[in-house]
S.K.: 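My questions will all concern the structure given below.
Start at 1 and go down the list; that is how both ligands and their atoms are numbered.
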Amino acid sequence: MEKKKFYLTTPLYYVNDVPHIGHAYTTVAADVLARYKKMKGEEVFFLTGTDEHGQKVDDAAKLTGRSTQEYVDSIVERYKKAWKILNISYDDFIRTTEPRHVKVVQEIFEKLRKSGDIYPGEYEGWYCRPCETYWAEFQLQEKAANPKDYKCLTCGRPVEKLKEKTYFFKQEKYQNRLLKHIKDNPDFIQPASRCNEIVSFINQGLKDLSITRTTFSWGVPVPGEPGHVIYVWFDALINYISALGYPNGEKFEKYWPADVHIMGKEIVRFHAITWPCMLMALGIELPRKIFGHGWWTVEGEKMSKSLGNVVDPLRLSNDYGVDAVRYFLMREVFFGDDGNFSIESFKNRFNADLANDLGNLVHRTLTMIEKYFAGVVPEFPKNMDRVPKQQQGQSTHITEVADATIGLIETPMKDLRFSDALESIWKLINVSNKYIETEAPWKIEKAGEKDRLREVIFNLVYAIRIVAVLIYPFMPATAESIVKQLGLQGPDKFSLGTNIANIKVAKGNPLFPRLEKK
Ligand code: MSP
């Protein structure tokens, strides 16, 4: 049977600055989903990369005194290094300055100019340079009466007036088709609250989009039009198909349409309006889902360089471990909602969920295997199979919860409800810890009930192995460490069908040593 394909993307990150926790958030979420789908045997293509053109990047480079190319090359390395440390399993990393991308952007421009969807004109209006976003006067007027006070509706910084010759993309023409598509496909824009925002935005009336600039040169040149470069968003969105080798690539045939574009809420508008209009103009199928997650504040404040509160994911990983960071980001906040990062809540989760719940479960179980069974996982006692389920009480309960958890996380994972999936996994961990308390294997051992002891320890290993498999997408290194400690090796170590009895365990240090409160 042909494998199911799954194509997912992160936004391309601007290279005007090094990666911070917000960028890591989008990327870790995509990685969790990619790993989960790969684990389920789907053929996954996970794309990330960098957005390197535009005035903002050019401005940032100028401040360093280096050439823009040299500057962007250095920041791209910082991104690649960050994703390596955070264990991001991307399949391709695309840079918008790469010839394979520039070529496709120019071809698309030409194609749409020929078809009449791109036409020349003059743009006079407002622009936010940090967000690389155009705003219509009526939108800015909602917040300020005086043009001197106009502020970007995304970031709140002052906008500037632009007047230049430009090419427009006929976005307006696709307004009704887009609205119909959104209505017919309730999953297209997720979560639903973002969908409502987009629909009301479209209902105010789409305007044709200015897609070339003449006031700077750091961009994809417009073919046959010296002095014009292509607007950074028009350029960057194309990455989702240029990376697949559009128009002819084998990968394009295989993976398009994208199953999900993951991004933060502030850029849903480009993905849910401009991008689908571009695809309709090109006659290409639309992506299946656009998911806009929420934003992190830090200790209650907006994260910003000027406030000096930018959280560095690498420093955090260095101090507390990569998997603790990945876990916290996916567990603390419902994916889609805004959240707050504080070192106190980070440490609380670390101690409660990781050190106490998960770490202790594994460590205590392995210690008992060493103590009572010379480090070899016992077999489930044969005669226990014949004990009616009702009389097995707690014992069947833990393995039933374990088996059920596998199915329980499917829907949340499909819907990108990562914190819900983790919550179900943690229920299993807690049931297992409680099982140790209520069964009290040390008492069973004292009473000399060897079979019961085998049964309890076997059940614990059974549950822990399922925990390891289920946390793998979230915490790959921890999952690896657990299966290794259980003595499982080889390509089937994560396969739930693999035998777990009679294997010599290799207990390691506690997975998450408790952090002391300073
Ligand atoms: N270059 C555009 C995207 C082009 S895609 C064709 C861009 N880049 S960005 O560098 O600004 O990064 C965007 C990603 O980082 C978004 O998903 C955004 O939501 C995420 N975050 C940046 N700061 C964030 C927080 N404080 N919190 C959560 N995520 C945020 O936009």
S.K.: May I ask you to say whether E197 pairs ionically with K265, meaning some side-chain N is under 4.0 Å from a carboxylate O?
M.R.: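 Judged by the 4.0 Å cut-off on N to carboxylate O distance, E197 and K265 do not form a salt bridge.
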S.K.: In terms of residue, atom name and distance, what is the protein heavy atom nearest to atom 15 (O) of ligand 1?
M.R.: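 Ranking protein heavy atoms by distance from atom 15 (O) of ligand 1, first comes H23 CD2, 3.4 Å.
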S.K.: Give the atom numbers and elements of ligand 1 that come within less than 4.0 Å of a heavy atom of G294.
M.R.: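 By the 4.0 Å cutoff, the relevant atoms are 28 (C).
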S.K.: Report the C-alpha distance between D92 and R100 in whole Å, list the side-chain angles of each, state the deciding distance to 0.1 Å, and finish with yes or no for salt bridge (charged side-chain N to carboxylate O under 4.0 Å, His left out).
M.R.: CA-CA 13 Å; D92 197 358; R100 63 168 169 157; 2.9 Å; yes
S.K.: Do the charged groups of K111 and D117 touch, with an N to O distance under 4.0 Å?
M.R.: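 Judged by the 4.0 Å cut-off on N to carboxylate O distance, K111 and D117 do not form a salt bridge.
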S.K.: Using a strict cut-off of 4.0 Å, indicate which atoms of ligand 1 neighbour a heavy atom of Y240.
M.R.: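 Under 4.0 Å from Y240, ligand 1 has these atoms: 5 (S), 6 (C).
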S.K.: What's the shortest distance from atom 12 (O) of ligand 1 to any protein heavy atom, and which residue and atom give it?
M.R.: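 Checking every protein heavy atom, the shortest distance to atom 12 (O) of ligand 1 gives Y13 CD2, 3.5 Å.
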S.K.: Quick test: of every protein heavy atom, which one is nearest to atom 17 (O) of ligand 1, and how far off is it to 0.1 Å?
M.R.: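 Nearest neighbour among protein heavy atoms for atom 17 (O) of ligand 1, to 0.1 Å: G264 N, 2.8 Å.
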S.K.: Looking at F93 versus Y90, is the centre-to-centre ring distance below 6.0 Å?
M.R.: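 They qualify: ring centres under 6.0 Å apart.
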S.K.: Run the salt-bridge test on K37 and D259 with the 4.0 Å N-O cut-off and return the result as yes or no.
M.R.: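 Salt bridge: no.
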S.K.: Should E132 be listed as contacting ligand 1, given a heavy-atom distance under 4.0 Å as the test?
M.R.: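 No; E132 lies far enough from ligand 1 that no heavy-atom distance drops under 4.0 Å.
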S.K.: Ion pair present between D73 and R66, side-chain N to carboxylate O less than 4.0 angstrom?
M.R.: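 Looking at D73 and R66, the cut-off is not met.
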S.K.: List the steps and the verdict of side chain to side chain donor-acceptor pair (under 3.5 Å) for T96 and D235.
M.R.: CA-CA 8 Å; T96 56; D235 155 5; 4.7 Å; no
S.K.: With respect to Y14, determine whether any N or O atom, backbone or side chain, lies less than 3.5 Å from an N or O atom of ligand 1.
M.R.: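 Between Y14 and ligand 1 (N or O atoms, distance only) the closest approach is under 3.5 Å.
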S.K.: Test side chain to side chain donor-acceptor pair (under 3.5 Å) on T166 and E164; report intermediate values, then the result.
M.R.: CA-CA 6 Å; T166 187; E164 56 183 329; 5.9 Å; no
S.K.: Please could you name the atoms of ligand 1 that D51 approaches to less than 4.0 Å, counting only its heavy atoms?
M.R.: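 With D51 as reference, the close atoms of ligand 1 come out as 1 (N), 2 (C), 4 (C).
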S.K.: Give the residue, atom name and distance (to 0.1 Å) of the protein heavy atom nearest atom 24 (C) of ligand 1.
M.R.: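 Result for atom 24 (C) of ligand 1: G22 CA, 3.6 Å.
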S.K.: Closer than 4.0 Å to some heavy atom of W296 - which atoms of ligand 1 meet that?
M.R.: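 Answer for ligand 1: 25 (C), 26 (N), 27 (N), 28 (C).
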S.K.: Give the numbers and elements of all ligand 1 atoms closer than 4.0 Å to a heavy atom of E266.
M.R.: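 Taking each heavy atom of E266 in turn, ligand 1 has 16 (C), 18 (C), 19 (O) under 4.0 Å.
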S.K.: Please identify which atoms of ligand 1 are closer than 4.0 Å to at least one heavy atom of M263.
M.R.: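 Going through ligand 1 atom by atom, the ones under 4.0 Å from M263 are 17 (O).
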S.K.: Look at the aromatic rings of F346 and F341 and report parallel, tilted or perpendicular, splitting at 30° and 60°.
M.R.: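 Judged by the thresholds at 30° and 60°, the geometry between F346 and F341 is tilted.
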S.K.: Under 3.5 Å between some N or O of ligand 1 and some N or O of T26?
M.R.: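 Looking only at distances, the answer is yes, because the N/O contact criterion of under 3.5 Å is met.
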S.K.: Among the heavy atoms of F270, does any lie under 4.0 Å from an atom of ligand 1?
M.R.: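 Judged by the 4.0 Å heavy-atom criterion, F270 does not count as contacting ligand 1.
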S.K.: Can you name the atoms of ligand 1, numbered from 1 with element, that are less than 4.0 Å from a heavy atom of A236?
M.R.: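 Those atoms are 6 (C).
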S.K.: Who are the ring-ring contact (aromatic ring centres under 6.0 Å, His included) partners of F334, not counting sequence neighbours?
M.R.: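 Applying ring-ring contact (aromatic ring centres under 6.0 Å, His included) to F334 gives none.
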S.K.: Would you please determine whether W275 falls within less than 4.0 Å of ligand 1 on a heavy-atom basis?
M.R.: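 No, W275 has no heavy atom closer than 4.0 Å to ligand 1.
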S.K.: Mind checking salt bridge (Lys or Arg N to Asp or Glu O under 4.0 Å) for K62 and listing every partner two or more places apart, or none if nothing turns up?
M.R.: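 With neighbours one apart ignored, the set is D58.
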S.K.: Does ligand 1 have an atom under 4.0 Å from some heavy atom of G292?
M.R.: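 Outside the 4.0 Å threshold, so no.
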S.K.: Where do E132 and K56 land on the salt bridge (charged side-chain N to carboxylate O under 4.0 Å, His left out) test, with the steps shown first?
M.R.: CA-CA 7 Å; E132 305 276 15; K56 174 159 93 166; over 6 Å; no
S.K.: For atom 2 (C) of ligand 1, state which one of V298, L12, I267 supplies the nearest heavy atom.
M.R.: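 Answer by nearest heavy atom: L12.
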S.K.: For ligand 1, which atoms sit closer than 4.0 Å to a heavy atom of H293?
M.R.: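 Result: 17 (O), 19 (O), 28 (C), 29 (N).
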S.K.: Going by the closest heavy atom to atom 23 (N) of ligand 1, which one wins out of H53, M303, K265, H20?
M.R.: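 Result: the heavy atom closest to atom 23 (N) of ligand 1 is in H20.
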